[in-house]
Amino acid sequence: MDLTEHSFLQVFFIVLWIMMPAYLSNTFAVITGGKFPIDQGKTHSDGNRILGDGKTWSGLIGGTIGGIVIGYLQINHGTIFIDRIANSESYNFWGENPLAIIFLLAFGALLGDMAASFFKRRKKLNRGDKSPLLDMFDFIGMALFLTLIFDPTWLKSWILDGYVPLFTLLVATPLLHRGVNIIGYKLGIKNEPW
Ligand code: CTP
Ligand code: MG
């Protein structure tokens, strides 16, 4: 895949397409979540919850499976769609091990979200309290980090193709994250619009 051959908008959509399992795993976690807190209700030595009731096994597992299903649908039924918008000629968007990368994107996003909750609890923020920068980049950061460890060649094959991929992640991620959360809030599946 050579993203430098594409226009700004095409790269923009390709990057969103690649990252879709990471973007949507959180949405699935909100839907399936709420049962069996991962920290089992335990507190850290600072007296606050380790992670809090917002990080549960049902969310972690449901979100990971949801993200994988999205990726599977993208691979098997989405090519016509993305090829038409981005003129991408059936690229191997997720490299040689697409299911592994998709798993790491979905799971990594939720792991990043959990790590952020850990830091939020250490800063005495309660479940659901705002922490704008952390909330917006935690999930994408960890998702990309896991793929970097697993398959650096794949990540470097697109993320450094010009400035547009990184620009897209930096600019579109917060907007998309906020947009999806506002929708979830309006639909009543999320407690806060962030
Ligand atoms: N959720 C879950 N398990 C996860 C992630 C999310 O059960 N691993 C569910 C929880 O019901 C959570 C909701 O999705 O309340 C929204 O997720 P998020 O905004 O990440 O959690 P918060 O409730 O805001 O908690 P925190 O302050 O720890 O982020
Ligand atoms: Mg939150």
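For ligands, and for the atoms within them, numbers begin at 1 and follow the listed sequence. No hydrogens, no waters, no symmetry mates; every other heavy atom, side chains included, goes into these values.
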What are the atoms of ligand 1, with element, lying closer than 4.0 Å to any heavy atom of Leu60?
8 (N)
Test log, rule salt bridge (Lys or Arg N to Asp or Glu O under 4.0 Å), inputs Lys55 and Asp39
CA-CA 8 Å; Lys55 301 300 113 131; Asp39 69 5; over 6 Å; no
Without hydrogens or angle criteria, can the side chains of Tyr23 and Thr173 be said to hold a donor-acceptor pair below 3.5 Å?
yes
Under 4.0 Å, heavy-atom basis, I'd like to know which part of Asp113 is in contact with ligand 1: side chain, backbone, both or neither.
side chain
Set of side-chain contact (heavy atoms from CB on, under 4.5 Å) partners for Phe167, sequence neighbours left out:
Phe8, Tyr163, Val171
In terms of its nearest heavy atom to atom 15 (O) of ligand 1, the top option of Arg127, Lys55, Arg121 is Arg127
Quick one: which residue pairs count as a salt bridge (Lys or Arg N to Asp or Glu O under 4.0 Å) with a foot in residues 128-144, not counting sequence neighbours?
Lys120-Asp135
With a heavy-atom distance limit of 4.0 Å, tell me whether Lys190 approaches ligand 1 through its side chain, its backbone, both, or neither.
side chain
Separation of Leu110 CG from Leu105 CG (nearest 0.5 Å):
11.0 Å
Nearest protein heavy atom to atom 14 (O) of ligand 1, by residue and atom, and its distance?
Val30 CA, 3.4 Å
Proximity winner for atom 6 (C) of ligand 1, if only heavy atoms of Gly59, Pro37, Gly54 are counted:
Gly54
Enumerated ligand 1 atoms positioned under 4.0 Å from heavy atoms of Gly33:
2 (C), 7 (O)
For ligand 1, is there an atom lying under 4.0 Å from some heavy atom of Gly52?
no
Atom 3 (N) of ligand 1: closest protein heavy atom, distance to 0.1 Å, is Thr56 N, 3.0 Å
side-chain contact (heavy atoms from CB on, under 4.5 Å) between Asn181 and Tyr185, intermediate numbers included
CA-CA 6 Å; Asn181 285 344; Tyr185 177 71; over 6 Å; no
Taking a cutoff of less than 4.0 Å between a non-hydrogen atom of the residue and any ligand atom, is Ser58 in contact with ligand 1?
no
Is any side-chain heavy atom of Leu3 closer than 4.5 Å to one of Val164?
no
Would you say that more than 12 heavy atoms from the other residues, nucleotides or ligands in this model lie under 6.0 Å from the CD1 of Ile80, or not?
no
Residue, atom name and distance, where the atom is the protein heavy atom closest to atom 29 (O) of ligand 1:
Lys120 NZ, 2.7 Å
Can you measure from OG1 (Thr147) to CD1 (Ile159) and round to the nearest 0.5 angstrom?
7.5 Å
What's the shortest distance from atom 28 (O) of ligand 1 to any protein heavy atom, and which residue and atom give it?
Ser117 OG, 2.6 Å
Atom 22 (P) of ligand 1: which protein heavy atom is closest, and how many Å away?
Gly128 N, 3.8 Å
Shortest protein heavy-atom distance from atom 9 (C) of ligand 1, along with the residue and atom involved
Ala29 O, 3.6 Å
Residues, nucleotides or ligands: over 12 heavy atoms within 6.0 Å of Lys124 NZ:
yes
Is there a polar contact between ligand 1 and Gly34, counting only N or O atoms under 3.5 Å apart?
yes
